[in-house]
Protein chains: 2
Amino acid sequence: MPIEGKTRREVLTEFRHAEILAAARKVFSEKGFRDATLEEIAAAAGIAKGTLYLYFENKEEIFWAAVRERLLELHARLKEVVARPGTARERLREILRVRFEMMRRDEQFKRVYFAEFGQLCGYGGPHAEEFRQLQVEAARLVAPVISQGIKDGELRPVPPLEAAMALTDLVRGTAALSFLGLHENHVDLEQFIFDLFWQGVRKGDSKGVRKGDSK
Amino acid sequence: MPIEGKTRREVLTEFRHAEILAAARKVFSEKGFRDATLEEIAAAAGIAKGTLYLYFENKEEIFWAAVRERLLELHARLKEVVARPGTARERLREILRVRFEMMRRDEQFKRVYFAEFGQLCGYGGPHAEEFRQLQVEAARLVAPVISQGIKDGELRPVPPLEAAMALTDLVRGTAALSFLGLHENHVDLEQFIFDLFWQGVRKGDSKGVRKGDSK
DNA sequence: CAGAAAAATGACCGAACAGTCATAAATTTA
DNA sequence: TAAATTTATGACTGTTCGGTCATTTTTCTG
C-alpha cells in the first residue's frame, strides 16, 4: 500500500542508498578512491560487503554516484544564480559564493573532489569523460555572465570560457591551501579570491589603464 | 681508471638511472602512478623488472625520483628569477614565464604533475609530506616579490602567500583546459593568466579605485 | 683467456582486494 | 504460523602486481 507514491520497500531502499553514499563519502574522503576498500565502506554503512552489490554495480559506480550527486547540485545552483538579473559583479560574486558554499557544505568531501579531480581529468577511465563534460558544462554556465559583462562595458575583453575556468581554478586552489597547511590565516579566502578575480577582469576607469599596461 | 672523476661504471650507472626515469615519466604520464606497472616501465626502459631494483628501492622511489628532479629544477629557476632586480611586474612576469616553460618542457610529464598533485596534497603517503613542503617552498619563494611590490606601492595590499599560491593555481589550471578539451584556442593562455593576475594585484591609479570597489 | 666480480634476468611468491554465490536471516503474504 | 519471497551475509575465488632471488650473462682483471 503506497504512501505518497512510495511503498515501504522503496523508502527503505532509498534510505540504504543514501546510507551507503554517506559512508562512501566518508571513506573515500579519508583514503581516496584507490585505497578505500569496499569492506571499509560496508563497515561504515553498518552492512556487509555483499550487500553493497544489491544497491550498486561496483566500486566505480558507488564513487561516481557520490560525486555525481554533488556535481549536479552545483550545476543546479549555478544555473539558478546565473539566471538572476544583476551586474556582472553581483552575479560573479554570487557564483563564487555558491562554489564556496558547496565546498564548505561537506568539508569531508572537499578532499575527494580536490584530490581526484586531476585523476579524473587527466587519465581515462569509465566515468572520466562524463566528469570532464560536467566540468566543461559548469564553465559554460558561467561564461555568459562574463560575456554579458564585457558587452555591457563592465568587464575588460577577457576570453569568457578561460576566465570562467580561472575562477574555478582559484576556488579549487583554496582547498590546496588547507592541505598544504597554509590555512592558519586571518585572511578571508573567499573575499580574497573574489577581489583578485574581480580586479582582474573588471574594466578599470579608462583613465586608470594606460596603454600597454597589460602586455 | 677515472676520467673527469668518473669511472666507466659510474657513467653507465648514471645513464641507466636517467633511462629508467625517462621511461618512468613516459609510463606514469600515460597511466598514472597506480595503473603504471613496473613491468611496463622496465619494458619501456628496455630492461627486465628485476633490474629496476638494482637502481631504485621500489615503485614509490622511482616515481618520486622523477618528480623530485623536476621540482628541484623549478625551485632553482624560481630562486634565480626572484633574485634578479626589477619591478614586481617584471619579476612576476618572469616567474610566470618560468612556470609555463617548465610545463611545456615535457608536455608528457605535465599530466602527471597535474593529475597526481591532488593525491599528493590531499592524502597521506610516504612522500606526500615532502611534496607538500616543496609546494610550500615554491610559494615562499614567490611571496617576497609580492611583499616587496606592496611595499613599493606597486601592488595592492594582497596577502602575499595566498597570492603566490593563486598564481600557481592559475598555471596549473591551464593544464586542466587541455585535458578538458577546451584548448582549441587562439587565446594565449600564458598572456591571459598574467593579465588576469596582474590586473588583480596591481595598484590601480588611486583615482581609478573607488572606495568600496573591492568589497 | 680464465676466473672473479658485477649486472641483469624473469619465474616465482605472497598480499591485497574487487567481485561472487551458496547459505542464512528477515520480511511479507496467505 | 507456515510457506514464499526478498534481503543480507561473509567465506571464497581469481587476478593483479610489487617485490625477491637463484640463476645466467656480461664485464672486468691479471
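Because only heavy atoms are used, hydrogens play no part in the values below, and waters and symmetry mates are left out as well, while side chains stay in. Remember, predicted model here, so these are calculated numbers, not experimental data. Labels below follow one simple rule: chain letters A, B, ... track the order of the sequence lines, proteins then strands, and each chain is numbered from 1.
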Novice: Please say whether the positively charged group of B:R70, taken as NZ for Lys or CZ for Arg, lies over the ring of B:Y113, i.e. under 6.0 angstrom from the six-membered ring centre and within 45 degrees of the axis.
Specialist: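 No, B:R70 does not lie over the aromatic ring of B:Y113.
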Novice: Counting only non-hydrogen atoms, which of residues 21-46 of chain A are less than 4.0 Å from DNA chain D?
Specialist: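 Going residue by residue through residues 21-46 of chain A, none turns out to have a heavy atom under 4.0 Å of DNA chain D.
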Novice: Starting at CG of B:L12 and ending at P of D:dT26, how long is that distance when rounded to a whole Å?
Specialist: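 One finds 15 Å between P of D:dT26 and CG of B:L12, rounded.
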Novice: Can you name the nearest heavy-atom pair linking A:G32 to A:E116, along with the distance?
Specialist: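 Looking at all heavy atoms of both residues, the closest pair is CA-OE2, 3.5 Å.
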Novice: Can you confirm if the NZ or CZ of B:R89 lies within 45° of the ring axis of B:W198 and under 6.0 Å from the centre of its six-membered ring?
Specialist: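 Because its charged atom sits under 6.0 Å from the ring centre and within 45° of the axis, B:R89 does stack over B:W198.
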Novice: CD1 of A:I47 versus P of C:dA24: gap in Å, rounded?
Specialist: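 The answer, rounded to whole Å, is 21 Å.
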Novice: Using the test side chain to side chain contact (heavy atoms under 4.5 Å, CB included), find all partners of B:T168 that sit at least two apart in sequence or belong to another chain.
Specialist: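 B:T168 satisfies side chain to side chain contact (heavy atoms under 4.5 Å, CB included) with B:R99, B:R172 only.
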Novice: Does NZ or CZ of A:K59 fall inside the cone over A:F33's six-membered ring, less than 6.0 Å from its centre and within 45° of the axis?
Specialist: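 Yes, A:K59 sits over the ring of A:F33.
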Novice: Ignoring hydrogens and angles, state whether a donor on the side chain of B:Q108 or B:R111 is under 3.5 Å from an acceptor on the partner side chain.
Specialist: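 No, B:R111 and B:Q108 have no side-chain donor paired with an acceptor closer than 3.5 Å.
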Novice: Tell me which residues in residues 48-64 of chain B put a heavy atom below 4.0 Å from DNA chain D, sorted by number, or none.
Specialist: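 Those residues are B:K49, B:Y53, B:N58, B:K59.
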Novice: Below the 4.0 Å mark, does D:dA8 have OP1 or OP2 next to a side-chain nitrogen or oxygen of A:R16?
Specialist: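 For D:dA8, OP1 or OP2 has a side-chain N or O of A:R16 closer than 4.0 Å.
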Novice: I need the minimum non-hydrogen distance between A:R84 and A:R91, along with the two atoms involved.
Specialist: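 What the structure gives for the nearest pair is O-NE, 3.2 Å.
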Novice: Kindly check if the number of other-residue, nucleotide or ligand heavy atoms within 6.0 Å of CD (B:E107) is above 12?
Specialist: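 More than 12 heavy atoms, drawn from other residues, nucleotides or ligands, come within 6.0 Å of this atom.
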